[in-house]
Amino acid sequence: MPDQNLTLEPRLISALQSLRVALHVPEDLSGIASALSAASDCLNLAASHFYDQNLFEWKSVADDLRAAFSEQAATGSADAARWYRPSSTDGTAQSRLATWRRSVSPGELERKLSILIGRTIAAAATTNARVSPALIEGANILRNTQRGKGRRSHTWNTLLTLDLLDGTGIAHLCESIDPRAVHFSFLSAALHVLRSPIYSPYRHIQEVVTGASLDKSSIDSGLLRQPNDKETTDSDAATVPASEESPQKRDDLLPDIGSRLASSDYTSFSEKLGFVTRDYIDSDDLSLMTRQLVKHLESRNKPQSAYAVLALVSLLTGCTDFLAVKLRFEPGHSIWLNIDCSVWCWAFSAYRSKQDDPNEPATGEPISVALPGNLALRL
């Protein structure tokens with residue numbers, strides 16, 4: 001949680017928490033100022049290299065937070081000494097991040113390492129996770145290796161000519177080396193970062209503002225302003241088909257194939273290409289998670305097994321977990337389960353007649369989709 005004596009704009013509260021965690025800064029914000037300074041420099045390089053709007057926003061957030069700490073320190077805040085506490089040299093992830101500084105004339109390797117660290121910070125902050133200690137430690141080792149400082153394993157020397165921003169090259173190298181190699185954890189962490197999506201620091205701003213204490217000034221500033229009818233365009237409406245699951249109507253929602261298909265039909269062009277900004281995991285991670293869920297199906301732990309069933313049914317039918325628990329084992333609504341035939345079904349007639357009452361069974365022109373055998377048996 002942010003320092004109770006720290007005053008921030010609502011839009012920065014969640015971002016500060018995310019960056020604090022990513023930078024390994026303790027909850028009392030000790031050393032946060034130096035950490036943000038290093039992060040801002042790396043984020044700037046990463047944003048310029050990848051030309052990613054979300055990276056630019058994370059850089060802007062880091063700068064705004066630095067300014068906020070500076071302004072409050074100038075007013076004599078009692079916490080300033082803790083915020084600006086010099087970073088230690090104890091080799092922890094926090095100290096390595098906070099003390100990362102580029103040389104006056106950085107070489108290509110050092111520049112790419114700074115870019116990689118900037119992307120790593122944003123990727124970690126996106127998921128409220130910490131920067132991988134293996135990555136920041138490996139970056140320091142590589143920089144020292146290039147400078148000829150200390151005695152390093154010869155394996156680190158092989159990375160000096162590697163393009164550290166080329167995910168394909170790193171992936172090929174990871175496949176060819178022993179996972180026990182001293183530099184494998186650094187390479188795998190770098191590969192994960194290059195493959196990870198970067199989200200905007202403001203995507204949860206509505207939740208932040210709602211959870212924070214609201215005063216008139218925060219409302220007047222436009223943080224909670226909703227677009228009026230004239231401001232809402234057809235393209236805006238097309239990107240929000242999921243309004244069916246708004247909290248106000250959640251209890252009234254039922255499995256409806258029209259809504260499920262519409263949520264795909266009316267997504268934005270970027271989402272159709274896979275560049276999504278909500279609840280995203282890449283195909284490799286999805287495959288891994290699905291295999292783990294299948295293992296849990298036969299678990300002796302009944303709650304664990306039941307949750308695995310729910311997750312897999314939700315995935316296969318395209319329903320959220322809240323809707324999946326409402327699926328029936330007979331024709332009903334416009335999506336249902338037919339365990340006798342080991343399939344789940346949806347009614348094509350309901351899709352063509354979207355105005356039908358979703359409470360009425362829609363059995364016309366059923367489309368059957370096979371269920372995995374082990375899941376059908378578990379059901």
Would you compute the distance between atom [atom1] of [X] and atom [atom2] of [Y] and round it to the nearest 0.5 angstrom?
| X | Y | atom1 | atom2 | result |
| --- | --- | --- | --- | --- |
| L116 | L142 | CG | CG | 10.0 Å |
| R96 | L135 | CZ | CG | 12.0 Å |
| I115 | F50 | CD1 | CZ | 7.0 Å |
| K112 | S114 | NZ | OG | 12.5 Å |
| E9 | L16 | CD | CG | 12.5 Å |
| L36 | L97 | CG | CG | 11.5 Å |

Would you kindly confirm whether [X] and [Y] end up in one hydrophobic cluster when ILVMFWY residues are joined by side chain heavy atoms under 4.5 Å apart?
| X | Y | answer |
| --- | --- | --- |
| F184 | V182 | yes |
| L194 | L173 | yes |
| V309 | V369 | yes |
| F69 | I13 | yes |
| L113 | L162 | yes |

Can any side-chain N or O of [X] pair as donor or acceptor with the backbone N or O of [Y] at less than 3.5 Å?
| X | Y | value |
| --- | --- | --- |
| S314 | L310 | no |
| T126 | Y199 | yes |
| S70 | R66 | no |
| R119 | V193 | yes |
| S60 | F56 | no |
| H24 | V131 | yes |
| D41 | S37 | no |
| S188 | S185 | yes |

Nearest heavy-atom neighbours spanning [X] and [Y]:
| X | Y | value |
| --- | --- | --- |
| A46 | L55 | O-CD1, 3.7 Å |
| A376 | L371 | CB-CB, 4.4 Å |
| S30 | R85 | OG-NH1, 3.0 Å |
| L293 | A308 | O-CB, 3.6 Å |
| E57 | P201 | OE1-CD, 3.5 Å |
| T99 | S95 | OG1-O, 2.5 Å |

Q. More than 12 non-hydrogen atoms from neighbouring residues, nucleotides or ligands closer than 6.0 Å to OH on Y84, yes or no?
A.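 Check passes, neighbour count above 12.
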**Q.** With L19, the side chain to side chain contact (heavy atoms under 4.5 Å, CB included) member among V25, N128, I121
**A.** I121
Q) Regarding Q17 and R20, is there a side-chain donor-to-acceptor distance under 3.5 Å anywhere? A) yes
Flag the pair [X] / [Y] as yes when at least one side-chain heavy-atom distance between them is below 4.5 Å, and no otherwise.
| X | Y | result |
| --- | --- | --- |
| L297 | L312 | yes |
| I335 | W344 | yes |
| W58 | S18 | yes |
| L29 | D79 | no |

Q: Give the C-alpha distance, both sets of side-chain angles, the deciding distance and a yes or no for side chain to side chain contact (heavy atoms under 4.5 Å, CB included) between L316 and L375.
A: CA-CA 11 Å; L316 291 168; L375 176 60; 3.5 Å; yes
Q. Going through the distances and angles, do D64 and R11 end up as a side chain to side chain contact (heavy atoms under 4.5 Å, CB included)?
A. CA-CA 10 Å; D64 290 345; R11 69 182 180 87; 2.8 Å; yes
Q: Go through the steps to decide whether L164 and L109 satisfy the test side chain to side chain contact (heavy atoms under 4.5 Å, CB included), and finish with yes or no.
A: CA-CA 8 Å; L164 297 174; L109 174 66; 3.6 Å; yes
Q) So, R147 and E110, do they make that salt bridge, N to O below 4.0 Å? A) yes
Q. Mind checking whether W156 and F186 have parallel, tilted or perpendicular rings, split at 30° and 60°?
A. tilted
Q: Kindly determine whether W100 and N140 satisfy side chain to side chain contact (heavy atoms under 4.5 Å, CB included), including the steps that lead there.
A: CA-CA 8 Å; W100 181 269; N140 275 276; 4.1 Å; yes
Q. Can you name the one residue among R378, H296, E298 that meets side-chain hydrogen bond (donor to acceptor under 3.5 Å, both in side chains) with S305?
A.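 Among R378, H296, E298, the one that satisfies the side-chain hydrogen bond (donor to acceptor under 3.5 Å, both in side chains) with S305 is R378.
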